[in-house]
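Counting from 1, the numbers follow the sequence of the chain as shown. Remember, it's a predicted structure, so these values are computed and weren't measured experimentally. Computed over heavy atoms, backbone and side chain alike; hydrogens, waters and symmetry mates excluded.
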Amino acid sequence: MNSEFSYLKNRISEYRKVEMLEYCYSKIDQNKNKIFPIWDVLTLIKWSLIYGETKYPYKKLTPEKFNQILSSISKLSDKHIIDFINQKKIDRAFQIIYHQQFYLQKIVYKEIFSTQLKLFSTLKWKYDIEKSFIEKTGFSIINFLQLLHFTWLYINIDKLEEEGLSFNGYLDSNYFNIASEIADTENILIFIKLLTLNPTNIVENIKIFKNKMHNAIFQTMEISLFVMYPFAIWQNEIKLLHNKIFNHTINYYIYDFLKNTDKNFTTEFGHRLEKYIELGLIEIKSNYKNEVELKKTLHKNSPLVDFFVEDENIFIESKAIEMNALPSVNPKDELIYNELKSSLLKAYFKQIVPVSNSLRPNKENWGIIITYKELYWSRFNTLFEIGKDKLNNPNIKYNHIPPDNVFIIDIYTWDRIIQIVKNKEVSLLTILKNAKKNNDKTETSKQLFSMHLDEYKSQSLNLKYLEQENQMFENKEPL
């Protein structure tokens, strides 16, 4: 397939960047309300900026030539995915598709801004994340999130369905005039610069995006770098590439930016994530023990988990991790094992299993591993098969906490769970039992844990631990 990429690279080099970009942007705009493979267009935009107009004399780009190039990009990923299908590894093929496409299906809940403010600013441990973000961007966390919040409202103005209100795809003078009510012009320009790809310095922009593939073929399946740069300078205007790209930016920009630029961020964030989870347990008046209390209960050298919900036999461990690109687009057992052996696999085999065996060996136990980002897996069965031969403890059986009793849940879904329990719809244990019951049947099984929550009434959040943060986004809706 490297020869196929070389051919594609040569074809792209024959055309002017501005012509290729015009075709790409038109393709996105024409299909913005349709389901189409936008990920292929994003790959072509990136490759055009890197490799375009390097072979002189330039050729005239036609619709036929453009579609041929786009189709060739699509075929690169198709061949890779089909290889897994031919090996009867259907689940792994879907894992690649998930990584390639599902990041463009992120939903933005208004509470997401408050959750981020709590995690990145309000909660503290040892390291000052706020100071780091200010030094690197010129923005405080709250100022950045408020502008992000306003921009989200602005580009979704069409949903109000009021005559005369619409978003034309560009951040125009009207945007700047209204934004100036919550931020000064200098800060607005810094904000736009942060989120806009510099076409004259694309190599440097790409370097900041560390979760990328060096193998060109795999780049057709990676999360696009445009989630960090959802805006583009086009014909002297600021163009939004697509709402779905910006939705991912809203969900994860601060996390991705700091993880890529600050070596101290991950450790600090892990401790804050643990604190945040505990706020949820307090909110629902859970009878739990934290790690410090468990340390007093268990023997001296025992492994630990973050929380043990005693009356429901639920063991909770937080892991501030995400899958890197290579095992996501080339999901072979060995790559996945090496990627997760010190995080998700450790959480189950080395922490939840032995701790639950010490405390509740003859009971049915449950496990929750909470991450910041949503992962491909929401139940532990597949990961159990990957890790059992290397991490299995022959002295411990798994009957007391089988892998289908253990779930992987992202932090935004955790907030929704807390709200459901707080509203006294069901208990935390019942939510887990219902999810397991659903997963036992193909027709009701869910890929993501958040899908299990659709049967409950609670949708909007009213959580005490986010009250202070929610106030920072009230009356910030000049629309």
Side-chain angles (χ1 to χ4, degrees), residues 91 95 273-274 277 280-281 286 288-289 291 294 302-323 333 336-337 339-393 396-411 413-414 416-418 421 426-441 444-453:
D91 183 63
Q95 184 179 339
L273 186 64
E274 185 179 329
I277 293 164
L281 294 173
S286 177
Y288 72 95
K289 286 184 176 178
E291 187 175 327
L294 286 172
S302 172
L304 298 166
V305 294
D306 291 329
F307 306 103
F308 169 43
V309 182
E310 294 185 278
D311 51 350
E312 297 183 301
N313 297 329
I314 300 172
F315 296 82
I316 302 174
E317 177 65 19
S318 64
K319 295 294 180 187
I321 62 100
E322 62 178 310
M323 283 283 285
D333 282 5
I336 296 174
Y337 174 79
E339 176 75 10
L340 300 178
K341 63 183 178 183
S342 62
S343 55
L344 297 186
L345 294 175
K346 176 187 175 184
Y348 177 72
F349 287 100
K350 300 298 183 182
Q351 295 178 270
I352 291 174
V353 168
V355 172
S356 58
N357 186 63
S358 295
L359 296 175
R360 296 288 193 272
N362 300 313
K363 300 287 186 178
E364 182 180 26
N365 296 288
W366 301 81
I368 302 176
I369 303 171
I370 300 180
T371 60
Y372 181 60
K373 290 189 177 184
E374 195 170 54
L375 301 179
Y376 174 69
W377 308 277
S378 67
R379 48 180 171 163
F380 207 79
N381 302 55
T382 300
L383 296 181
F384 176 81
E385 295 301 321
I386 291 173
K388 65 180 182 180
D389 291 336
K390 296 180 180 178
L391 296 173
N392 179 45
N393 184 340
I396 299 178
K397 303 297 182 184
Y398 300 99
N399 297 338
H400 67 291
I401 188 161
D404 54 353
N405 279 26
V406 178
F407 301 93
I408 302 166
I409 298 173
D410 71 285
I411 197 64
T413 301
W414 174 251
R416 290 179 63 195
I417 290 171
I418 294 301
V421 177
V426 289
S427 67
L428 178 56
L429 179 58
T430 300
I431 291 174
L432 300 183
K433 285 184 174 181
N434 287 344
K436 180 182 178 181
K437 183 179 178 181
N438 288 339
N439 288 338
D440 285 341
K441 297 180 180 179
T444 57
S445 179
K446 314 293 184 186
Q447 182 62 44
L448 305 174
F449 196 91
S450 58
M451 297 175 177
H452 290 292
L453 305 184

> Looking only at heavy atoms, what is the nearest atom pair of Phe308 and Asn313, with distance?
CE1-CA, 3.9 Å
> Working to the nearest 0.5 Å, report the span between CD1 of Ile417 and CG of Leu453.
5.0 Å
> Should we say atom NZ of Lys388 is surrounded by more than 12 heavy atoms from elsewhere, each under 6.0 Å from it?
yes
> Is a side-chain donor or acceptor of Arg360 paired with a backbone partner of Asn365 at a separation under 3.5 angstrom?
no
> Can you see which heavy atom on Phe307 is nearest to which on Glu274, and at what distance?
CZ-O, 3.4 Å
> Any chance you could lay out the side-chain contact (heavy atoms from CB on, under 4.5 Å) test for Ile386 and Leu340, step after step, and finish with the verdict?
CA-CA 10 Å; Ile386 291 173; Leu340 300 178; over 6 Å; no
> What's the shortest heavy-atom distance between Pro303 and Val355, and which atoms?
O-CG2, 3.2 Å
> Under the 3.5 angstrom rule, does the side chain of Ser318 hit a backbone N or O of Ile370 as a donor-acceptor pair?
no
> Considering non-hydrogen atoms only, spot the tightest contact between Val406 and Tyr348 and give its length.
CG2-CE1, 3.6 Å
> Given Phe449 and Arg416, is the side-chain contact (heavy atoms from CB on, under 4.5 Å) satisfied, shown in steps?
CA-CA 11 Å; Phe449 196 91; Arg416 290 179 63 195; over 6 Å; no
> Please evaluate residues Lys433 and Trp366 with respect to the criterion side-chain contact (heavy atoms from CB on, under 4.5 Å), reporting the C-alpha separation (whole Å), side-chain torsions for both, the decisive distance (0.1 Å), and the verdict.
CA-CA 9 Å; Lys433 285 184 174 181; Trp366 301 81; 3.5 Å; yes
> About how many Å separate CD1 of Ile277 and CD1 of Ile418, when rounded to the nearest 0.5 Å?
9.5 Å
> Does Asp306 offer a backbone N or O that forms a donor-acceptor pair with the side chain of Glu317 under 3.5 Å?
yes
> Locate the shortest heavy-atom distance separating Ile401 from Gly367; write the atom from each residue and the value.
CD1-N, 3.9 Å
> I'd like to know whether Leu273 forms a side-chain contact (heavy atoms from CB on, under 4.5 Å) with Thr371, so could you lay out the CA-CA distance, the side-chain angles of the two residues, the decisive distance to 0.1 Å, and finally the verdict.
CA-CA 8 Å; Leu273 186 64; Thr371 60; 6.0 Å; no
> Distance-only, no hydrogens or angles: does the Glu312 side chain make a donor-acceptor pair with backbone N or O of Leu429 under 3.5 Å?
yes
> Is there side-chain contact between Pro403 and Leu383, with at least one heavy-atom pair below 4.5 Å?
no
> With rounding to the nearest 0.5 Å, note down the distance linking CD1 in Ile316 to CH2 in Trp414.
4.0 Å
> Would you compute the distance between atom CZ of Phe315 and atom CG of Leu359 and round it to the nearest 0.5 angstrom?
5.0 Å
> Is there a donor-acceptor pair under 3.5 Å between the side chain of Asn438 and the backbone N or O of Thr444?
no
> Which atom pair, heavy atoms only, marks the closest approach of Asn439 to Ser445?
OD1-OG, 3.6 Å
> Quick check: are there more than 12 heavy atoms from other residues, nucleotides or ligands sitting under 6.0 Å from NZ of Lys441?
no
> Any non-hydrogen side-chain atom of Ile336 less than 4.5 Å from a side-chain atom of Trp377?
yes
> Please identify each residue that fulfils salt bridge (Lys or Arg N to Asp or Glu O under 4.0 Å) with Lys346, with sequence neighbours left out.
none
> Can you tell me how far NZ of Lys437 sits from CG of Asp404, rounded to the nearest 0.5 angstrom?
15.0 Å
> Is Gln447 reaching over with its side chain to a backbone N or O of Tyr376, donor-acceptor style, under 3.5 angstrom?
yes
> Return the set of residues passing salt bridge (Lys or Arg N to Asp or Glu O under 4.0 Å) with Lys350 (not counting sequence neighbours), or none when no residue passes.
none
> Quick one: do Lys436 and Glu364 make a salt bridge, cutoff under 4.0 Å?
yes
> Between Asn357 and Val353 (side chain of the first, backbone of the second, donor and acceptor by atom type, cut-off under 3.5 Å), is there such a pair?
no
> Does the side chain of Leu448 reach to within under 4.5 Å of the side chain of Asp410, using non-hydrogen atoms?
no
> Within the side chain of Gln351, is there an N or O that forms a donor-acceptor pair under 3.5 Å with the backbone of Leu304?
yes
> Output the distance between atom NE2 (His452) and atom OG (Ser378), rounded to the nearest 0.5 Å.
5.0 Å
